[in-house]
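The structure appears right after this line, and notes come after that.
So you know, we letter chains A, B, ... as the sequences are listed, proteins then strands, and number each from 1.
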Protein chains: 2
Amino acid sequence: MSSRERAATLRLQDVAAAAGVSIATASRSLSGSPGVSATVAQRVRDVAADLGYVANMHARSLAGGPTRSVGLVVHEIGDPYFSEIASGVLGVGAREGLTVQICHTGRDPERELAQLRTLIANRVGAIIIAGSGLVDPSLQAAAKVELQAFRRSGGRVAVIGRHHLGVDAVLPDNTEGARAIAQHLLDLGHRRIAVATGSLSLTTVADRIAGVGEAFAAAGLAFGDVPVVEADFTRAGGKVAVEEILDEHPGTTAVMALNDDMAIGVLSALRARGISVPGQVSVTGFDDVAVAGDLAPSLTTVRLPMGEMGEQALLLALKEPGARPRRRTVGAELVVRDSSAAPPA
Amino acid sequence: MSSRERAATLRLQDVAAAAGVSIATASRSLSGSPGVSATVAQRVRDVAADLGYVANMHARSLAGGPTRSVGLVVHEIGDPYFSEIASGVLGVGAREGLTVQICHTGRDPERELAQLRTLIANRVGAIIIAGSGLVDPSLQAAAKVELQAFRRSGGRVAVIGRHHLGVDAVLPDNTEGARAIAQHLLDLGHRRIAVATGSLSLTTVADRIAGVGEAFAAAGLAFGDVPVVEADFTRAGGKVAVEEILDEHPGTTAVMALNDDMAIGVLSALRARGISVPGQVSVTGFDDVAVAGDLAPSLTTVRLPMGEMGEQALLLALKEPGARPRRRTVGAELVVRDSSAAPPA
DNA sequence: TTGAAAGCGCTAACAG
DNA sequence: CTGTTAGCGCTTTCAA
């Protein structure tokens, strides 16, 4: 991938020559800077369009011009939660003429730090972090330092979810969503509920569990006895978690998975065991990924507007930075479908 | 997103100074170029790592160094088919220390062309096109010209699927997969089969339909009477298509959706109409997206190794370019699950 | 309002 | 084996 032998691409020089002006004037015309007569500016733009000229962003960036590129950090793009967020980001990116670099962290803080450094080295104008934050602030301390420096030097940052990063954030109301769905199960009469969750070190998980606790408290029930089984935040993790729940808590009538991916695994494992949903066991998810409504039984879950969250995050990052971090809360809406019902008599 | 005010980031200069060498030596050490003693090179690398130095890719690229960045063109990243491919690409990208820019085309040739131009202007080292090609070569003629120029100037290109672009390609065996799944339905005894498909202008669709035709021919059946209903290659499109099939071809016993997304929509619409699958109507998909096995009924489909296709495409692009375009065929494997059975008696 | 010229940080000749 | 130096294409003072 050497570019040494790159053929002569169209340069600003060529446009300037074709328009009969200096490259300084051409530059000003194309970037819309003041100090050029309207007629000349227009002519230059026409010529550039005619020639199919596109500025070399490396040269532009190196010369201190504005960067039209943003970085998006996700845990795993194959996960529908993140791919839907990414879709939102790419959507406004395209509208705004921005280039979007996406990178994986695999939920590893070190990888995340490395990716952040790369993005910063690539001089992206903004960074969107879509993965959940970590409960322990110290694990992201290095990332925080890096991002602060990035912001001081004019970079924009926005995160999706609760982080200890001190930057603009789009916050899904995880606690309220979890409260609502837990209450839904309690209202149906479930008392032997188990929770299947991803890593407890994620703020997303902490917030959702807090919501579940709130619902129990509101119902005057003790949350302490509720089994909370930790596994991967994936379909496979859901299978693992539900096996454990079934084995160790045989009387369970409802499994709350803390994301849809796990819930799908739970449904699948239950079907494999011949346990009917919601007849014998109710199952709930969280996120409302696109496929949730098309499962059978369709999944009772909490809807998070992932695409919109991605859009909002980028829009937030694009805004003039404020004095203090801004927060945009997006609602989490209970969606009752067929996977939840009253417990067996 | 101006970077004019960027604070002084670590430069190669700084590393060189800290290591007590010239920037030339530092450059060679970091890029692994020959002509530096192993000891010095190692010391420079240690110093750089210590300082947390990351090269400014814009400067590097502008100076004619190798570009560590690739562009990935997809129709829609929110579609699991593409997000799984993207996951494969990001995976090897991370391993190889490459930056990946992703962009949407929304299946619009003009948007695709524009994105291609941007990628090229951004001086990516390689471009991976993951969306299906078009049956009509003229629609991609402009893209072809652009890509040829890109390649002549040292850029690498690989596509996934059949395109008329004359470049390296990863080719899923769509025809064989479709033949196999059609034969599966015919073997089960289905004779009133309908096809629900995305745009007929896609080569992917053309190839899959050809495969279906082959199966009919092999069975000595006429394919001409089979209803082929065209709609969006999405869940919603599947719903639309199956409504039409049900209304206009009431005797249909099997619906072959030409991708899983449509199949999910078909299943959903059938469930809404109270039609049992596979009791009354069998349904098949194509791709085997992650969720296909977790649907109820689980989906009979054709497995395409999307992640691997993404990996292969990038690996292909990274290789020294050959004299002629290379092709890597990946198998399409029939996966029989619960959504297909013998037609009702 | 326009043009000339000085870099941005790096790579790759070319010298030593 | 190491250092010096000339650009890469663009933006942006500074002069005209």
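When rounded to the nearest whole Å, the span between CZ of Arg123(A) and P of dC10(D) equals 19 Å.
The side chain to side chain donor-acceptor pair (under 3.5 Å) contacts involving residues 137-150 of chain A comprise Glu112(A)-Gln140(A), Arg117(A)-Glu146(A), Asp136(A)-Ser138(A), where partners must be two or more places apart or lie in separate chains. Residue pairs meeting the ring pair (Phe, Tyr, Trp, His ring centres under 6.0 Å) criterion with at least one partner in residues 28-67 of chain A, sequence neighbours excluded, are His58(A)-His58(B). Residue pairs that meet the ring pair (Phe, Tyr, Trp, His ring centres under 6.0 Å) test with at least one member in residues 112-146 of chain A, sequence neighbours left out, do not exist here.
Closest to the side chain of Val36(B), out of dT2(C), dC10(D), dT2(D), is dT2(D). Closest to the Ser27(A) side chain, of the nucleotides dT2(C), dC10(C), dT12(D), is dT12(D). Considering only the side chain of Asn56(A), dC10(D) comes nearest among dC10(D), dG3(D), dC10(C). Residue Val21(B) has its side chain nearest to dG3(D) when only dT11(D), dC10(D), dG3(D) are considered.
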Please tabulate the protein-to-nucleotide N/O contacts below 3.5 Å involving nucleotides 4-8 of chain C, giving atom names and distances.
| unit_1 | atom_1 | unit_2 | atom_2 | d |
| --- | --- | --- | --- | --- |
| dC8(C) | O2 | Leu62(A) | O | 2.9 |
| dC8(C) | O2 | Ala63(A) | N | 3.1 |

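Listed by chain and residue number, Asp108(B) satisfy the side-chain contact (heavy atoms from CB on, under 4.5 Å) test with Glu110(B) (two or more places apart in sequence, or in another chain). For Arg326(A), the side chain to side chain donor-acceptor pair (under 3.5 Å) test picks out Asp168(A), with sequence neighbours left out. Applying the side-chain contact (heavy atoms from CB on, under 4.5 Å) rule to Ala63(B) yields no partners; only residues at least two apart in sequence or on another chain are considered. Ala26(A) pairs by the side-chain contact (heavy atoms from CB on, under 4.5 Å) definition with Leu12(A), Ala16(A), Val21(A), Val44(A), not counting sequence neighbours.
Note on Ser37(A): only backbone sugar-phosphate atoms sit closer than 4.0 angstrom, heavy atoms only; bases stay farther off.
The overall bend of the helix from dT1(C)-dA16(D) to dG16(C)-dC1(D), read as the angle between its terminal helix axes built from five base pairs each, is 40° when rounded to 10 degrees.
Glu96(B) CD: more than 12 foreign heavy atoms inside a 6.0 Å radius.
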